[in-house]
Participant: 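Below: one structure in structure tokens.
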Amino acid sequence: MSDLLTPRPAGWHPPALAPDYKSSRLRSPQNKPLHMPTGPAELAGPTFGHDLIGPNDHNMIINYTGEMAIGSRLIVHGRVQDEDGQPVTGALIEAWQANAGGRYRHKNEGYLAPLDPNFGGCGRTITDDQGHYRFLTIQPGAYPWPNGPNSWRPAHIHFSLFGHSFAQRLITQMYFEGDPLISLCPIVQAIPSEQAVKTLVARLDMDANTPMDSIAYRFDMTLRGRDQTHFETKPEGS
């Protein structure tokens, strides 16, 4: 998974300072970034629990308490691949999200929507020998955030991809096809490339549904090349 250490093209990422995304005004860097060369410790450092995946870790509907979470049931699946369409195998994928009411299970969460006692909001899995992954979860809700008097985040799921060394981690967000809040979100609109935004939108996949049970969305992630998925983080060490 050495692709994760390759710098991505300029213009694919939003500027550090995006005034409509108000928190970027305070946290955007004021000085030039430092270049930190990648060394053996980063390339061959510790892995992140690839051998500790439980049988229900991918199933966020039941993996918190063993009882079913509240909400519309979803299958989120896809493929992790490189720029040549070759599978990225053995990649650890972590996912986290808000519950059906749009609330995270976090001590600093300020939204008044109720907590679901049976939903932890986290899961993880490993890509198979064809680069495929699959999560079972519930439809996350939209939620307000203090960017402005009437700002709402579109429903989304966060993904973190780990390779086989310390420096190999990428983070992105997945949105849902047809959500009108996508075009209104300052975080999304800070991305300068319309094509990059499209790589963050999962497509409804009716062929992968479980009838009378779950709706499916497909979200493929490409690590490099012209069709690369937009990732929030630049590779550590680059």
Side-chain angles (χ1 to χ4, degrees), residues 49 53-80 92-128 132-147 150-161 171-188 197-221 229-230 232:
I53 302 296
N56 289 322
D57 281 5
H58 73 293
N59 187 344
M60 291 187 275
I61 297 173
I62 63 170
N63 69 8
Y64 188 63
T65 65
E67 301 294 327
M68 284 194 293
I70 297 170
S72 300
R73 295 159 64 89
L74 296 183
I75 298 166
V76 176
H77 74 110
R79 187 170 186 261
V80 181
L92 173 62
I93 303 179
E94 294 182 343
W96 66 98
Q97 64 171 87
N99 67 17
R103 182 168 175 172
Y104 287 97
R105 182 173 291 279
H106 191 281
K107 64 180 181 180
N108 293 327
E109 173 63 83
Y111 187 27
L112 294 178
L115 281 174
D116 180 346
N118 295 318
F119 187 70
C122 299
R124 59 182 188 164
T125 191
I126 299 284
T127 57
D128 66 15
H132 294 125
Y133 72 92
R134 186 172 184 264
F135 285 100
L136 303 178
T137 188
I138 54 91
Q139 175 70 45
Y143 57 84
W145 61 302
N147 189 71
N150 192 23
S151 295
W152 288 76
R153 295 277 0 253
H156 60 280
I157 299 176
H158 301 265
F159 287 98
S160 172
L161 280 71
I171 299 172
T172 192
Q173 296 184 35
M174 184 202 90
Y175 302 95
F176 293 87
E177 181 179 24
D179 187 341
L181 289 174
I182 295 173
S183 63
L184 302 177
C185 179
I187 294 177
V188 178
V197 172
K198 289 180 179 179
T199 69
L200 301 179
V201 179
R203 306 301 176 188
L204 184 66
D205 187 358
M206 296 296 286
D207 292 336
N209 287 357
T210 300
M212 305 300 292
D213 186 290
S214 302
I215 293 176
Y217 283 85
R218 177 158 186 150
F219 184 57
D220 295 329
M221 290 177 271
T229 303
H230 171 78
E232 298 170 13

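Keep in mind that what you see is a predicted model, and the values were worked out from it rather than measured. Every heavy atom of this structure was used, including side-chain atoms; hydrogens, water molecules and symmetry mates were not.
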Participant: Is there side-chain contact between Thr172 and Phe219, with at least one heavy-atom pair below 4.5 Å?
Facilitator: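 Counting from C-beta outward, Thr172 and Phe219 do come under 4.5 Å.
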Participant: For Arg153 and Tyr175, test the side chains for any donor-to-acceptor distance below 3.5 angstrom and give the result as yes or no.
Facilitator: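 Yes, Tyr175 and Arg153 have a side-chain donor paired with an acceptor closer than 3.5 Å.
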Participant: Hey, what do you get for CG (Asn147) to SG (Cys185), rounding to the nearest 0.5 Å?
Facilitator: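 Answer rounded to 0.5 Å: 8.0 Å.
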Participant: Just by modelled atom types, is the His132 backbone N or O under 3.5 Å from a matching donor or acceptor in the Asp128 side chain?
Facilitator: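 Side chain of Asp128 to backbone of His132, a donor-acceptor pair under 3.5 Å: yes, one is there.
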Participant: Hey, mind stepping through Leu184 and Trp152 against side chain to side chain contact (heavy atoms under 4.5 Å, CB included) and telling me if it holds?
Facilitator: CA-CA 8 Å; Leu184 302 177; Trp152 288 76; over 6 Å; no
Participant: May I ask you to decide whether Arg124 forms a salt bridge with Asp57, counting only side-chain N to carboxylate O separations under 4.0 Å?
Facilitator: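 Salt bridge: yes.
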Participant: Report yes if some heavy atom in the side chain of Gln139 is under 4.5 Å from a heavy atom in the side chain of Phe176; otherwise report no.
Facilitator: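 Of all side-chain heavy-atom pairs linking Phe176 with Gln139, at least one is under 4.5 Å.
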Participant: On a heavy-atom basis, which atom in Gly123 and which in Phe135 lie closest, and how many Å separate them?
Facilitator: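 Heavy-atom minimum between the residues: C-CE2, 3.6 Å.
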Participant: Quick one: OG1 on Thr229 to CG on Asp220, what's the gap to the nearest 0.5 Å?
Facilitator: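 Rounded to the nearest 0.5 Å, the OG1-CG separation comes out at 8.0 Å.
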Participant: Answer yes or no: is there a side-chain heavy-atom contact under 4.5 Å between Gln97 and Met60?
Facilitator: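 When only atoms from C-beta onward are counted, Met60 and Gln97 do touch, with a gap below 4.5 Å.
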Participant: What closest approach, in Å, do Ala98 and Gly141 show between heavy atoms, and which atom pair accounts for it?
Facilitator: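 Minimum heavy-atom contact is CB-O, 4.4 Å.
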Participant: Checking Arg103 side chain against Ala113 main chain: does a donor-acceptor pair fall under 3.5 Å?
Facilitator: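 Flag set: sc Arg103 to bb Ala113 pair under 3.5 Å.
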Participant: So, do Ile138 and Leu74 sit near enough that their side-chain heavy atoms are less than 4.5 Å apart?
Facilitator: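 Result no, sub-4.5 Å side-chain heavy-atom pair not found.
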Participant: Please name the pair of heavy atoms, one in Arg134 and one in Ile75, separated by the smallest distance, quoted to 0.1 Å.
Facilitator: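 In terms of heavy atoms, the two residues are closest at NH2-CD1, 3.6 Å.
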Participant: Using 30° and 60° as the class boundaries, would you call the ring planes of Tyr143 and Tyr104 parallel, tilted or perpendicular?
Facilitator: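 It falls in the perpendicular class, over 60°.
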Participant: Between Asn209 (side chain) and Ala216 (backbone), is there a donor-acceptor pair under 3.5 Å?
Facilitator: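 It does hold such a pair.
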Participant: What's the spacing between Arg73 CZ and Leu136 CG if we round to 0.5 Å?
Facilitator: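 Reported to 0.5 Å precision, the distance equals 7.5 Å.
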Participant: Does the pair Leu200 and Gln173 meet the rule for a side chain to side chain contact (heavy atoms under 4.5 Å, CB included), with working shown?
Facilitator: CA-CA 6 Å; Leu200 301 179; Gln173 296 184 35; 5.7 Å; no
Participant: Shortest non-hydrogen contact from Gly102 to Tyr111?
Facilitator: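 Nearest pair, atom of Gly102 first, then Tyr111: O-CD2, 3.4 Å.
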Participant: So, applying side chain to side chain contact (heavy atoms under 4.5 Å, CB included) with Phe119, which one of Thr65, Ile70, Asn99 is it?
Facilitator: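 Passing option: Asn99.
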Participant: Does the pair Arg203/Asp205 count as a salt bridge with the N-to-O cut at 4.0 Å?
Facilitator: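 Salt bridge: no.
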Participant: Side chain to side chain contact (heavy atoms under 4.5 Å, CB included) for Leu161 and Met221? Distances and angles first, verdict last.
Facilitator: CA-CA 10 Å; Leu161 280 71; Met221 290 177 271; 3.5 Å; yes
Participant: Using side-chain heavy atoms (C-beta onward) and a distance below 4.5 Å, is Pro144 in contact with Asn150?
Facilitator: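 No, side chains not in contact.
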Participant: Between His58 and Asn63, do the side chains contain an N or O donor and an N or O acceptor separated by less than 3.5 Å?
Facilitator: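 Per modelled atom types, His58 and Asn63 side chains form no pair under 3.5 Å.
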Participant: May I ask you to test the Ile93-Ser160 pair for a side-chain heavy-atom distance under 4.5 Å?
Facilitator: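 Sidechains of Ser160 and Ile93: no contact.
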Participant: Given Arg79 and Tyr133, is the side chain to side chain contact (heavy atoms under 4.5 Å, CB included) satisfied, shown in steps?
Facilitator: CA-CA 6 Å; Arg79 187 170 186 261; Tyr133 72 92; 6.0 Å; no
Participant: Looking only at non-hydrogen atoms, find the nearest pair between His77 and Ala208 and report the distance.
Facilitator: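 Residues His77 and Ala208, closest heavy atoms: NE2-CB, 3.6 Å.
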Participant: So how far is it from Cys122 SG to Trp96 CH2, rounded to the nearest 0.5 Å?
Facilitator: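 Between atom SG of Cys122 and atom CH2 of Trp96 there are 8.5 Å.
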Participant: Does the side chain of Val201 come within less than 4.5 Å of Tyr217's, by heavy atoms?
Facilitator: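 They are not in side-chain contact.
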Participant: So how far is it from Arg218 CZ to Asp207 CG, rounded to the nearest 0.5 Å?
Facilitator: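 Going from CZ on Arg218 over to CG on Asp207, the span is 11.0 Å.
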Participant: Between Met174 and Val76, is any pair of side-chain heavy atoms under 4.5 Å apart?
Facilitator: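 Met174 vs Val76: side chains touch.
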